[in-house]
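A short worksheet on the structure shown next.
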Amino acid sequence: MTPRTLIMLHHAGGSAAVFDRLAEALPDGIQPLPLELPGRGKRWREAPVTTIEDAVDDLLRAVAGQPEEIAIFGHSVGAYLGLCLAARLAETGGPRCSTLFASANAGPVSAELPCEGSPLLTTDEEIFAIAEKSGGTISPQIREHPVLRERTAALLRADFSLGDSFLRKRPATTVVSAELVVCCGTDDVFTDAQLDSWRHSTTGRTDITPRLPGDHFYLEQPAQAAALAETITRTLLGSADRTP
């Protein structure tokens, strides 16, 4: 049996490392493919992209050559990237996204803009406040280290600009046919109504899964990663009792 490919898209200011525990918990029947945008992780030397269009262009190149049918797991701003990537693949005749997992974010039609102006024009403290309002955390070690502070703020500005460029243009008109599975932590900032509003982003089925214990980064906890892997496995393979 050919493994199902699961594209994984990370959160604002982060990298593919956020998926380490989840990827380890997935069975052999699912092939995780964590992707990183320019400026993150192994691509740290590259200049960050700041619009949803440029980010999706980058992701399209990364998924070229994948099987005809894929699934996408997007965490936080990665959920919007996943939605836009699935829509663009449908437009261009690329691999078909059959299932989109939207993790830790509000449905686009109920989302709030990160700030009144462009995130690219914010100060360090302003972008840190935006990140924390959205469920993230900025450690004292980052705030107090000049290099880490500058780099983290720059990546957050770029990533929040991605979401901003999407939400200001076409949140209600970006609709896919994929099955949509919505996941979130119990202590995250998003309301049940905001999670339920993901239904407007697909013409297919929407499953709002029970919240898992934890905050915005619930999926990094071993128990929650295992539970999330079960949900993914049941959705993609029809069973959750398969061992990694």
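When a residue number appears, it is its place in the shown sequence, counting from 1.
Leu22 is not listed as a side-chain neighbour of Pro32, based on a closest heavy-atom distance of 4.5 Å or more. At least one side-chain heavy atom of Gln194 sits under 4.5 Å from a side-chain heavy atom of Ser110. Inter-residue side-chain proximity for Ser201 and Pro108 is flagged as met; some heavy-atom pair is nearer than 4.5 Å. Between Tyr218 and Asp187 there is no side-chain heavy-atom pair separated by less than 4.5 Å. Annotation: side chain of Ile7 is in contact with side chain of Leu35 (closest heavy-atom distance under 4.5 Å). Residues Leu26 and Leu6 are in side-chain contact: their nearest non-hydrogen atoms beyond the backbone lie under 4.5 Å apart. Within the 4.5 Å cutoff, side-chain heavy atoms of Val49 are placed close to those of Pro38. Counting only heavy atoms from C-beta outward, the side chains of Ser98 and Arg4 approach each other to under 4.5 Å.
Across every non-hydrogen atom of Ser177 and Thr203, the tightest pair is CA-OG1, 3.4 Å. The shortest non-hydrogen separation linking Leu162 to Ser165 is O-OG, 2.8 Å. Of all non-hydrogen atoms in Leu237 and Ile30, the two that sit nearest each other are CD1-CG1, 3.9 Å. Heavy atoms only, all atoms of each residue included: Ala111 and Ala106 are closest at CA-CB, 4.2 Å. Taking both residues in full, the closest heavy atoms of Ala102 and Leu180 are given as CB-CD2, 3.9 Å, listed atom of the first, atom of the second, then distance. Here the closest non-hydrogen pair linking Pro48 and Ala158 is CB-CB, 3.7 Å.
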- Check step by step if side chain to side chain contact (heavy atoms under 4.5 Å, CB included) holds for Asp192 and Asp196. CA-CA 6 Å; Asp192 290 345; Asp196 190 72; over 6 Å; no
- Query: Please walk me through it: do Gln141 and Leu148 pass side chain to side chain contact (heavy atoms under 4.5 Å, CB included)?
  - Reply: CA-CA 8 Å; Gln141 290 84 353; Leu148 291 179; 5.6 Å; no
- Is there a side chain to side chain contact (heavy atoms under 4.5 Å, CB included) between Gln224 and Leu212 once you walk through the steps? CA-CA 6 Å; Gln224 278 62 270; Leu212 292 170; 3.9 Å; yes
- Step by step, would you call His216 with Ser134 a side chain to side chain donor-acceptor pair (under 3.5 Å)? CA-CA 8 Å; His216 196 60; Ser134 302; over 6 Å; no
- Could you walk me through whether Ile130 and Thr122 pass side chain to side chain contact (heavy atoms under 4.5 Å, CB included), step by step? CA-CA 10 Å; Ile130 290 170; Thr122 57; 4.2 Å; yes
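Note: the hydrophobic cluster containing Phe160 does not contain Leu167 (ILVMFWY, side chain heavy atoms under 4.5 Å, direct or indirect links). Ile138 and Phe217 fall into different hydrophobic clusters, where Ile, Leu, Val, Met, Phe, Trp and Tyr side chains are chained together by heavy-atom contacts under 4.5 Å. Taking hydrophobic clusters as Ile, Leu, Val, Met, Phe, Trp and Tyr residues chained together by side-chain heavy-atom distances below 4.5 Å, Val109 does not share a cluster with Phe166. Transitive grouping of hydrophobic side chains (ILVMFWY, heavy atoms separated by less than 4.5 Å) keeps Leu155 and Leu9 in distinct clusters. A chain of hydrophobic side-chain contacts below 4.5 Å, direct or via other Ile, Leu, Val, Met, Phe, Trp or Tyr residues, connects Leu33 to Leu37.
Each salt bridge (Lys or Arg N to Asp or Glu O under 4.0 Å) pair with one or both residues in residues 136-149, not counting sequence neighbours, appears once here: Asp124-Arg149, Glu125-Arg143, Glu125-Arg149, Glu132-Arg143.
Listed for the Glu126 side chain is a donor-acceptor partner under 3.5 Å among the backbone atoms of Thr123. Counting only distance, with no hydrogens or angles, the side chain of Thr174 and the backbone of Pro171 share no donor-acceptor pair below 3.5 Å. Side-chain atoms of Thr202 come within 3.5 Å of backbone N or O of Val176 as a donor-acceptor pair. Formation of a donor-acceptor pair under 3.5 Å by the Ser161 side chain with backbone atoms of Leu120 is not found in this model. A donor-acceptor pair is defined here as one N or O able to donate and one able to accept, closer than 3.5 Å; such a pair exists between the side chain of Thr186 and the backbone of Gly214.
In terms of the ring pair (Phe, Tyr, Trp, His ring centres under 6.0 Å) criterion, residue partners of Phe19 (sequence neighbours excluded) are, by chain and number, Phe73.
Ion pairing of Asp57 with Arg61 is absent here, as no side-chain N (NZ or NE/NH1/NH2) approaches a carboxylate O to less than 4.0 Å. Taking a cutoff of 4.0 Å between a charged side-chain nitrogen and a carboxylate oxygen, Arg157 and Asp164 do not qualify as a salt bridge. Asp188 has no carboxylate O lying under 4.0 Å from a charged side-chain N of Arg211, or vice versa, which leaves the two without a salt bridge. Note on Arg43 versus Glu36: no salt bridge recorded, every NZ/NE/NH1/NH2 to OD/OE distance being 4.0 Å or above. Salt-bridge formation is not detected for the pair Arg21/Glu24: no Lys NZ or Arg NE/NH1/NH2 atom is positioned less than 4.0 Å from an Asp or Glu carboxylate oxygen. Between Glu53 and Arg88 there is no salt bridge, since no side-chain N of the basic residue sits under 4.0 Å from a carboxylate O of the acidic one.
Here the CG atom belonging to Leu60 is positioned 11.0 Å from the SG atom belonging to Cys84, to the nearest 0.5 angstrom. Summarising the geometry, atom CD belonging to Gln66 is positioned 4.5 Å from atom OG1 belonging to Thr5; distances are rounded to the nearest 0.5 Å. Rounded to the nearest 0.5 angstrom, Thr99 OG1 and Ile70 CD1 are separated by 10.0 Å. Taking CG from Leu156 and NE2 from His11, the interatomic distance works out to 8.5 Å, rounded to the nearest 0.5 Å. One distance of note links OG1 of Thr231 with CG of Leu228; it measures 6.0 Å at 0.5 Å rounding. The CD1 atom of Ile72 sits 10.0 Å away from atom CG of Leu81, with the distance rounded to the nearest 0.5 Å.
Aromatic ring orientation, Trp198 versus Tyr80: tilted (interplanar angle from 30° to 60°).
For Phe101 and His75, the gap between ring centers reaches or exceeds 6.0 Å.
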